[in-house]
Number of protein chains: 2
Amino acid sequence: MFSNSSKYAIKAVLFLAVNSSESHRIMVKDLAAPINVPQAYLAKLLQELSRGGIISSKKGPKGGFFLSKENVQYTLMDIVNVIDGNDKFNSCLLSLEKCNADKPCPLHDLASPSRSKFIQSLNQNTIDEFSIQIEQGKVFLPL
Amino acid sequence: MFSNSSKYAIKAVLFLAVNSSESHRIMVKDLAAPINVPQAYLAKLLQELSRGGIISSKKGPKGGFFLSKENVQYTLMDIVNVIDGNDKFNSCLLSLEKCNADKPCPLHDLASPSRSKFIQSLNQNTIDEFSIQIEQGKVFLPL
DNA sequence: ATTAAAATATGACAAAAGTCATATTTAAGA
DNA sequence: TCTTAAATATGACTTTTGTCATATTTTAAT
Ligand code: FES
Ligand code: FES
């Protein structure tokens with residue numbers, strides 16, 4: 001469903017959403033451990049996210065990663081778009097040129113309703129909304 | 001969502017369902033072209049499917065691949081299980097040990113209803129049912 | 001029996017995804 | 001200004017996935 005890299009990136013961003021702020025930055029090494037991701041690999045992913053504008057960073061001593069007010073308005077889809085490239089979810093399940101309701105492949109009707117609902121949620125819910133859910137103890141961050 | 005291999009395998013099986021029979025077998029080369037899959041690669045996949053009991057084959061002249069009455073009762077999930085291994089769909093989206101409704105990850109509620117419906121369809125609809133849909137012109141086989 | 005046509009088995013090779021290491025740049029604090 | 005702590009850039013390496021080629025086995029037809 002998601003690539004490994006995307007999973008890592010999502011976990012990292014959600015952790016930052018809950019645990020960091022403009023004034024309290026988090027270093028890779030302090031992020032890698034709790035979300036259970038290889039540190040060196042995570043560093044690379046964080047850099048991509050940073051370049052993509054999804055997260056913020058500050059170099060040097062007392063530096064680290066954090067989410068700004070703007071960062072927190074992005075969606076999960078934004079994250080996977082940066083990490084895995086776009087069109088991970090808009091293409092036909094059987095790799096037709098374009099997923100097309102007029103000439104649907106055998107999986108289209110099977111998948112389309114549930115799938116579009118899923119994709120919609122990826123596009124709708126902001127990081128901010130997720131972090132609220134986490135803080136309310138409704139959902140949990142995996143280690 | 002699906003691996004490339006699984007997509008190829010699904011397309012091949014559906015094509016066989018519609019175009020082959022016990023008495024009218026189809027050779028790899030005549031299968032690879034219409035479903036637009038590299039022939040040598042497809043041959044390997046068909047062999048896996050055959051070993052897995054999902055499709056039938058006959059060696060030698062006038063040989064080829066086809067679906068028996070039993071073959072046609074399998075599901076799409078059976079195909080991807082053979083090709084990609086099991087547990088492609090039962091694991092947590094963020095790679096928690098086990099997808100667990102009691103201690104759900106942030107994606108669980110977002111995804112769970114639509115996802116389980118999707119998985120259910122993969123497990124329910126038989127190849128036979130798909131081929132009927134295709135023959136009725138309700139859905140189409142991609143090239 | 002011999003031949004030829006098909007699947008099967010095996011393995012080499014290529015491309016992509018995932019992982020790790022290291023040198024460079026930036027900035028805080030003494 | 002110097003030192004040190006952090007992100008950043010770059011690239012080597014490994015594993016998995018996808019691709020291709022070729023030799024072997026089976027079987028129908030002559
Ligand atoms: S046409 Fe294949 S998923 Fe829509
Ligand atoms: S706990 Fe992660 S998808 Fe269910």
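Just so it is clear, the values below take in all heavy atoms, side chains as well, and ignore hydrogens, waters and symmetry mates. A, B, ... follow the sequence lines: proteins, then strands. Residue 1 opens every chain. In this text the structure is predicted, and so the values were computed from the model without any measurement.
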Worksheet item: Separation of B:Lys59 atom NZ from C:dA4 atom C1', in whole Å?
Response: 15 Å

Discussion item. I need the CE-C1' distance between A:Met27 and C:dT26, as an integer number of Å.
Written reply: 16 Å

Worksheet entry | same_hphob_cluster(B:Phe66, B:Val72) at 4.5 Å side-chain heavy-atom cutoff | no

Item to complete: Take atom OH of A:Tyr41 and atom P of C:dT19, then tell me their distance rounded to the nearest Å.
Response: 6 Å

Worksheet item: Which residue, B:Lys44 or A:Ser50, contacts DNA chain D at a nucleotide closer to its 5' end, judged by nearest heavy atom?
Response: A:Ser50

Worksheet item: Do you see a donor-acceptor pair shorter than 3.5 Å between the side chains of B:Ser5 and B:Ser3?
Response: no

Practice prompt. At the 4.0 Å heavy-atom cut-off to chain B, mark where contacts on DNA chain D begin and end, going 5' to 3'.
Written response: D:dG18 to D:dA28

Worksheet item: Can you list the steps and then say if B:Val139 with B:Phe130 is a side chain to side chain contact (heavy atoms under 4.5 Å, CB included)?
Response: CA-CA 9 Å; B:Val139 297; B:Phe130 279 108; 5.8 Å; no

Worksheet item: Among side-chain atoms of A:Asp109 and A:Ser112, is any donor-acceptor pair under 3.5 angstrom?
Response: no

Worksheet item: Rounded to whole angstrom units, what separation is found between the CZ atom of B:Arg25 and the C1' atom of C:dA6?
Response: 11 Å

Worksheet entry | Of B:Gly64 and A:Gln39, the one whose closest DNA chain C nucleotide lies more 5' | B:Gly64

Response to the item:
Looking only at C:dA27, C:dT19, C:dG18, the nucleotide nearest the A:Lys58 side chain is C:dA27

Practice prompt. Flag this pair as yes if the NZ/CZ of A:Lys103 is under 6.0 angstrom from the six-membered ring centre of B:Phe140 and inside a 45 degree cone about the axis; otherwise no.
Written response: yes

Worksheet entry | Residue-phosphate contact under 4.0 Å: A:Ser5 side-chain N/O, C:dG18 OP1/OP2 | yes

Fill in: Whole angstrom value for the distance that separates P of C:dT24 from CD of A:Gln47
16 Å

Worksheet entry | Approximate separation, where rounding is to 0.5 Å, of A:Leu93 CG and B:Lys7 NZ | 7.5 Å

